[in-house]
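For reference, the structure discussed in these notes is given below.
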Amino acid sequence: MKTYKVGIIGATGMVGQRFACLLENHPWFEVTALAASARSAGKTYKETIEGRWLMNTPVPEKLKDMVVMDAANIQEVASKVDFVFCAVNMKKDEIKALEEAYAKAECPVVSNNSAHRFTPDVPMVVPEINADHIKVIESQRKRLGTKKGFVAVKSNCSLQSYVPAIHPLKELGVDKVLACTYQAISGAGKTFDTWPDMVDNLIPYIGGEEEKSEKEPLKIWGEVKDGEIKLTDDISITSQCLRVPVSDGHTAAVFMSFKEGSNKPSAEEIVKIWENFKGRAQELELPSAPKQFLHYFTEPDHPWLIESRTVENGMAVSVGRLREDTQYDYKFVCMSHNTLRGAAGGAVLLAELLCAEGYMD
């Protein structure tokens, strides 16, 4: 695989910083451009993030003295890269316009933002689940009038904790899901230092999160038809999302039922399906892909978030406590790292998929 020159748009924020760390020693990707708002432009990266560095690891040496560019100078940034990762903090309409402008400048965009998740010809991809959706890019390119440029996005971070566990069971007839998520403060771009109100606290509301949890999986499980992605209608999801005093890692308590008349699997069969499940990311042996995507824990009090969020470099999903329920067929608990698998890491894995399948060339 050749080396690709990549840029990080929104490099100074929490997810941008996570991109910087993940890409430091990446075997395929070399960071050649950092961009942010006009107020950061012209300064070195270490100057822009001084006093604002939120990662547990040091600022990557190669990036410290790189001069941050203005993200609005699209041609200048695009000239230095093969594609960009986008993690900006702007209004949704502004993000949509910015990402499409990069695409029209023949610079592909792999976005961490939600702005384009429901644009019909923009693939929203979890590489192990719906890698085939990237073929809709050809239709998007026709709409944009581009040869190379496009936008691809990753899904909401909380979905990464439970949708992967439901996915390999869907063909057996899962048609009703209740998911209650307990989401870390880093999902809001915060730490306990910057959000002291969250210490010893729980907030039973995250704006827009429940709508995302209920609707985004319908696109992930949809199909590419007539140049766009059609949402599935064969499953219904209801959710409740809470912010909890945890630094990193989202947990979900999940209840699911199978269609009437379907051949409901036993708990042992479900665990075996989870343990054996592999997706396109594993088939291609992508650099960031976990060797085993779904890890099932048999201990009655596991998985523990503090341990499971870092399984397989934070790119796996941990599952446990599968048992029959009195109102649904089964219930279980699952966890994932929200800024690794759920954010920057998921976007890097998506970019690897796009490169492996030839969309960045």
Side-chain angles (χ1 to χ4, degrees), residues 1-2 4-10 28-29 33 35 71-88 90-156 212 215-233 279-281 283-284 286 346-361:
M1 180 63 68
K2 75 173 193 179
Y4 292 84
K5 297 181 290 184
V6 305
I8 305 171
I9 313 298
W28 296 0
F29 304 152
N73 292 337
I74 292 162
Q75 292 294 343
E76 183 184 5
V77 177
S79 69
K80 296 181 178 295
V81 300
D82 293 310
F83 67 91
V84 295
F85 293 102
C86 189
V88 294
M90 298 162 59
K91 293 178 181 176
K92 188 169 284 192
D93 287 346
E94 294 173 347
I95 295 171
K96 287 183 80 168
L98 182 72
E99 291 180 345
E100 281 208 355
Y102 271 94
K104 287 178 178 177
E106 299 293 0
C107 179
V109 178
V110 180
S111 179
N112 187 74
N113 300 108
S114 65
H116 271 296
R117 285 182 191 156
F118 282 97
T119 303
D121 58 10
V122 170
M124 177 171 63
V125 177
V126 179
E128 287 88 350
I129 295 176
N130 63 330
D132 64 309
H133 280 196
I134 61 176
K135 64 189 177 187
V136 82
I137 287 170
E138 295 308 321
S139 298
Q140 185 192 148
R141 283 172 169 160
K142 288 176 185 175
R143 174 175 63 84
L144 296 175
T146 60
K147 292 182 178 178
K148 182 184 175 187
F150 64 86
V151 179
V153 301
K154 54 153 289 297
S155 67
N156 182 263
K212 294 173 187 174
K215 191 176 177 186
E216 287 188 19
L218 307 184
K219 183 172 181 179
I220 292 170
W221 285 321
E223 64 172 331
V224 178
K225 190 176 181 181
D226 300 326
E228 60 182 47
I229 299 166
K230 308 287 188 182
L231 276 59
T232 188
D233 61 0
R280 185 65 174 150
E283 290 173 8
L284 292 170
L286 300 176
V348 171
L349 184 61
L350 171 53
E352 293 169 0
L353 172 69
L354 290 162
C355 289
E357 302 285 19
Y359 284 86
M360 296 300 193
D361 298 321

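Being a predicted model, the structure only gives us computed values, none of them experimental. For the numbers below, each heavy atom of this structure counts, side chains included, while hydrogens, waters and symmetry mates do not.
A pairwise comparison of heavy atoms in Val151 and Ala103 identifies CG2-CB, 4.1 Å as the closest pair. When all heavy atoms are compared, the tightest approach of Cys355 to Phe83 is SG-CE2, 4.0 Å. Considering all non-hydrogen atoms of both residues, Met124 and Glu216 come closest at CE-O, 3.4 Å. Minimum interatomic distance between Val122 and Ile229 (heavy atoms only, all atoms of both residues): O-CD1, 3.8 Å. Ser114 approaches Lys92 most closely through the heavy-atom pair OG-CE, 3.7 Å. Minimum heavy-atom separation, Arg117 to Lys212: NH1-CD, 4.2 Å.
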Kindly determine whether Glu106 and Leu144 satisfy side-chain contact (heavy atoms from CB on, under 4.5 Å), including the steps that lead there.
-> CA-CA 10 Å; Glu106 299 293 0; Leu144 296 175; over 6 Å; no
Decide side-chain contact (heavy atoms from CB on, under 4.5 Å) for Val136 and Ile134; before the verdict, give the C-alpha distance in whole Å, the side-chain angles of both, and the deciding distance to 0.1 Å.
-> CA-CA 5 Å; Val136 82; Ile134 61 176; over 6 Å; no
Derivation of the side-chain contact (heavy atoms from CB on, under 4.5 Å) call for Ile9 and Val109 | CA-CA 10 Å; Ile9 313 298; Val109 178; over 6 Å; no
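Asn112 places no side-chain N or O within donor-acceptor distance of the main-chain N or O of Ala347, the cut-off being under 3.5 Å. Looking at Glu128, its side chain never comes within 3.5 Å of a backbone N or O of Ala281 through a donor-acceptor pair. At distances below 3.5 Å, not a single donor-acceptor pair connects side-chain atoms of Lys154 with backbone N or O atoms of Val348.
No side-chain heavy atom of Leu349 sits under 4.5 Å from any side-chain heavy atom of Val126. His116 has its side chain within reach of Glu100: a pair of non-hydrogen atoms, C-beta onward, lies under 4.5 Å apart. A heavy-atom distance below 4.5 Å is found between the side chains of Thr119 and Lys96. In this structure, the side chains of Glu138 and Phe150 stay at 4.5 Å or more apart for every pair of heavy atoms. By the 4.5 Å heavy-atom criterion applied to side chains, Val6 and Val81 are not counted as neighbours. Looking only at side-chain heavy atoms (C-beta outward), Ile137 and Arg141 come within less than 4.5 Å of each other. Side-chain contact between Leu284 and Arg280: present, with at least one pair of heavy atoms (C-beta onward) separated by less than 4.5 Å. Counting only heavy atoms from C-beta outward, the side chains of Ser155 and Lys219 never approach each other to under 4.5 Å.
Remark: Leu350 CG to Phe85 CZ distance equals 8.0 Å, nearest 0.5 Å. Here His133 contributes atom NE2 and Ile220 contributes atom CD1; the two are 9.0 Å apart, rounded to the nearest 0.5 Å. Atom NZ in Lys80 sits 13.0 Å away from atom SG in Cys107 (nearest 0.5 Å). Residue Leu286 holds its CG atom at 5.0 Å from CH2 of Trp28, rounded to the nearest 0.5 Å. For the atom pair CE (Met360) and CG (Leu353), the distance works out to 9.5 Å, reported to the nearest 0.5 Å.
Remark: Lys2 NZ is packed, more than 12 non-hydrogen atoms of other residues, nucleotides or ligands lying under 6.0 Å away. Other residues, nucleotides and ligands place no more than 12 heavy atoms under 6.0 Å from the NZ atom of Lys215.
Between Glu228 and Arg143, none of the side-chain N atoms (NZ, or NE/NH1/NH2) sits under 4.0 Å from a carboxylate O, so this pair counts as no salt bridge.
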